[in-house]
Peer 1: 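Before I ask anything, let me first share the structure, which is written out below as structure tokens.
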Amino acid sequence: MQFEGNISSKFPKLGTTIFTVMSAMAREHDAINLSQGFPEFQPDSRLLQAFESALRSGNHQYAPMAGWLPLREAIAAKTEKLYGQNVDPETEVTITAGGTQAIFTAIAAVIHEGDEVIVFAPAYDCYAPAIELVGGRPVFYNLSAPDFKIEWEKVKKLISSKTKLIIINSPHNPTAKVFTASDLEALEHIVKGTNIMLLSDEVYEHITYDNKPHQSVLSRKLLAERSFVVSSFGKTYHCTGWKVGYVIAPQNLMQEFRKVHQYNVFSVSTPAQVAFAEIIKEEDMYLSLSSFYEVKRNYFRDALKASRFGLLECEGTYFQLASYDQISDAKDVEFAKWLTVDKRVASIPISVFYSHIPDSRVIRFCFAKEEETLKRAAEWLSKI
Ligand code: GLN
């Protein structure tokens with residue numbers, strides 16, 4: 001079928017997200033899929049049981065718009081315990097259809113035509129389109145491989161009278177960098193006394209390595225009071241397909257958030273929320289996640305030692321960046337395609353997370369996979 005009228009595209013230059021493109025290419029060429037980030041393993045049987053019993057005990061109708069209250073209460077209790085921040089489950093927590101919807105909704109709720117949003121690139125690919133769709137302008141601070149260091153004094157220079165929001169993401173996708181306490185201190189200095197809000201994407205909050213603690217903006221009152229903090233059950237409980245996450249924000253920001261949320265999703269899967277309300281209390285499930293993935297990170301890095309890939313530091317998330325300087329001069333999109341089709345290992349080229357093409361030749365591998373999968377991938381990659 002074809003629409004014969006004129007379509008004035010909102011995104012004339014935008015194609016399909018790289019995650020969909022690479023996963024499809026991996027399937028087509030029977031490649032090992034280390035591209036799109038999703039775990040290969042089953043959720044904990046306690047979660048499956050909780051979901052099953054939620055289904056069997058009749059939780060099939062709409063959940064409340066802001067989310068199942070016992071789940072919001074459990075999130076508030078967890079937030080207090082982990083980050084020392086008292087949040088009101090009634091007014092300051094909303095359950096969302098995953099991290100991406102939370103991010104979109106927060107942006108749509110506060111960004112007006114002409115507002116500027118500071119975004120650190122490489123940036124997760126949903127930030128800029130959401131800003132542009134509502135008439136805002138992303139202002140990029142470009143970070144460079146291999147260390148992707150933020151010089152906060154330079155960030156300050158990007159601020160103008162139009163700056164409404166700064167988006168931060170730690171642990172960071174795709175660089176695998178984790179904020180230190182001094183990053184948050186510097187950020188505090190920048191926003192103190194301004195009207196600038198923060199959107200803190202913390203979906204990998206439970207995946208940090210080498211005893212590096214996650215630095216949540218929720219652990220600092222001055223930051224928490226101006227932030228939308230986004231988290232995701234998919235990343236923490238190996239169930240990205242359930243599409244459940246949440247956002248925490250001060251009540252006056254949350255009020256604006258819910259005005260948008262109520263008309264773009266209204267509410268989220270009831271049985272999943274009932275299950276998470278139980279499971280979130282089982283602390284071991286999230287407290288053991290870092291060590292679970294640290295074993296995989298170490299295994300994958302060791303297995304690639306003999307290869308010609310250069311491994312960048314990995315401080316958190318389940319992503320490993322690798323430079324292929326020693327292998328090819330090709331641009332990363334081309335290289336990632338070649339790797340999928342000819343070498344049958346799919347990855348993500350990191351230039352798609354920038355608004356310009358960076359000089360570095362770096363791709364991203366997802367290591368949230370069984371050891372056997374990582375072993376095979378590393379063997380194939382080491383032959384190149
Ligand atoms: N967050 C996942 C990643 O970075 C992708 C999620 C998606 O495909 N939308 O790979």
Side-chain angles (χ1 to χ4, degrees), residues 15-26 31-40 99-100 119-128 142-148 169-178 201 203-204 207-209 232 234-235 240 293-294 296-301 303-304 307-328 330-341 343-369 373-374 377-378 380-382 384:
T16 302
T17 166
I18 191 71
F19 305 114
T20 300
V21 170
M22 294 312 295
S23 276
M25 196 181 285
I32 302 173
N33 190 0
L34 305 188
S35 64
Q36 190 179 25
F38 60 88
E40 193 178 21
T100 302
V119 176
F120 296 91
Y124 188 60
D125 73 339
C126 78
Y127 303 160
N142 292 310
L143 305 166
S144 311
D147 61 348
F148 302 99
N169 169 216
S170 175
H172 188 267
N173 178 9
T175 67
K177 293 280 288 182
V178 171
D201 174 353
V203 299
Y204 299 99
I207 314 178
T208 62
Y209 306 125
S232 149
K235 313 291 187 288
T240 59
Y293 276 123
E294 190 160 321
K296 296 198 177 291
R297 177 199 68 165
N298 295 348
Y299 180 86
F300 188 53
R301 288 177 68 94
L304 282 175
S307 78
R308 288 157 73 206
F309 285 93
L311 301 181
L312 278 66
E313 231 187 308
C314 172
E315 300 174 336
T317 75
Y318 42 56
F319 301 118
Q320 173 64 57
L321 291 189
S323 79
Y324 56 90
D325 283 333
Q326 306 294 320
I327 300 171
S328 166
K331 294 235 184 323
D332 63 354
V333 172
E334 235 172 88
F335 183 78
K337 285 185 179 160
W338 171 78
L339 204 61
T340 311
V341 177
K343 302 294 166 188
R344 297 188 36 233
V345 180
S347 61
I348 296 287
I350 75 153
S351 62
V352 300
F353 300 101
Y354 285 96
S355 60
H356 67 291
I357 303 289
D359 297 334
S360 49
R361 281 185 282 280
V362 176
I363 53 175
R364 189 196 82 175
F365 294 115
C366 170
F367 57 80
K369 307 294 165 191
T373 306
L374 296 176
W380 296 357
L381 293 170
S382 298
I384 301 170

Peer 1: Just so I know, are the side chains of V203 and N173 near enough to count as touching, which here means a heavy-atom distance under 4.5 Å?
Peer 2: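 Heavy-atom side-chain distance check fails, nothing below 4.5 Å.
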
Peer 1: Is any side-chain heavy atom of Y318 closer than 4.5 Å to one of I207?
Peer 2: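 I207 vs Y318: side chains touch.
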
Peer 1: Return the set of residues passing side-chain hydrogen bond (donor to acceptor under 3.5 Å, both in side chains) with T208 (not counting sequence neighbours), or none when no residue passes.
Peer 2: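 Expected list: none.
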
Peer 1: Could you pull out the closest heavy-atom pair between D201 and Y127, with the gap in Å?
Peer 2: OD2-OH, 2.6 Å

Peer 1: A31: what forms a side chain to side chain contact (heavy atoms under 4.5 Å, CB included) with it, not counting sequence neighbours?
Peer 2: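 A31: side chain to side chain contact (heavy atoms under 4.5 Å, CB included) contacts with A26, T340, R344.
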
Peer 1: Considering only heavy atoms from C-beta outward, does the side chain of C314 approach that of F365 to under 4.5 Å?
Peer 2: no

Peer 1: Within the 4.5 Å heavy-atom criterion, are Y124 and T100 side-chain neighbours or not?
Peer 2: yes

Peer 1: Please tabulate, one pair per line, all N/O donor-acceptor pairs under 3.5 Å involving side-chain atoms of residues 320-327, not counting sequence neighbours.
Peer 2:
| from | atom 1 | to | atom 2 | distance (Å) |
| --- | --- | --- | --- | --- |
| Q320 | OE1 | R301 | NH1 | 3.0 |
| Q320 | NE2 | L312 | O | 2.8 |
| Y324 | OH | A330 | O | 2.8 |
| Y324 | OH | D332 | N | 3.0 |
| D325 | OD1 | R361 | NE | 3.3 |

Peer 1: Classify the ring geometry of F335 against F309: parallel below 30°, tilted from 30° to 60°, perpendicular beyond 60°.
Peer 2: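 Rings of F335 and F309: perpendicular, as their planes differ by over 60°.
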
Peer 1: I want to check something: taking the side chain as every heavy atom from C-beta on, are K369 and F300 in contact at a cut-off of under 4.5 Å?
Peer 2: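 K369 does not reach F300 side chain to side chain.
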
Peer 1: Indicate every side-chain donor-acceptor pair of residues 16-23 with a distance under 3.5 Å to a residue at least two apart or in another chain.
Peer 2:
| from | atom 1 | to | atom 2 | distance (Å) |
| --- | --- | --- | --- | --- |
| T17 | OG1 | F19 | N | 3.4 |
| T17 | OG1 | D125 | OD2 | 2.8 |
| S23 | OG | F19 | O | 3.4 |
| S23 | OG | N33 | ND2 | 3.0 |
| S23 | OG | Q36 | OE1 | 2.8 |

Peer 1: Could you tell me whether the side chain of H172 reaches within less than 4.5 Å of the side chain of F148, counting heavy atoms only?
Peer 2: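 No; the side chains remain at least 4.5 Å from each other.
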
Peer 1: Once ring-ring contact (aromatic ring centres under 6.0 Å, His included) is applied, do any residues pair with F319, and if so which ones, sequence neighbours excluded?
Peer 2: Y204

Peer 1: Are T175 and P122 packed together at the side-chain level, in the sense that at least one heavy-atom pair is separated by less than 4.5 angstrom?
Peer 2: yes

Peer 1: Do S170 and V178 come close enough that some side-chain heavy atom pair is under 4.5 Å?
Peer 2: yes

Peer 1: Can you name the residues that form a ring-ring contact (aromatic ring centres under 6.0 Å, His included) with Y354, not counting sequence neighbours?
Peer 2: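 Once residues adjacent in sequence are excluded, the partners of Y354 under the ring-ring contact (aromatic ring centres under 6.0 Å, His included) criterion are H356.
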
Peer 1: Determine whether more than 12 heavy atoms belonging to other residues, nucleotides or ligands lie under 6.0 Å from atom CD of E294.
Peer 2: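 Correct, the count exceeds 12.
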
Peer 1: According to side-chain hydrogen bond (donor to acceptor under 3.5 Å, both in side chains), who are the partners of T373, at least two apart in sequence or on a separate chain?
Peer 2: E40

Peer 1: W338: which residues meet the side-chain hydrogen bond (donor to acceptor under 3.5 Å, both in side chains) condition with it, sequence neighbours left out?
Peer 2: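 With sequence neighbours excluded, W338 shows a side-chain hydrogen bond (donor to acceptor under 3.5 Å, both in side chains) to D342, given in chain and number order.
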
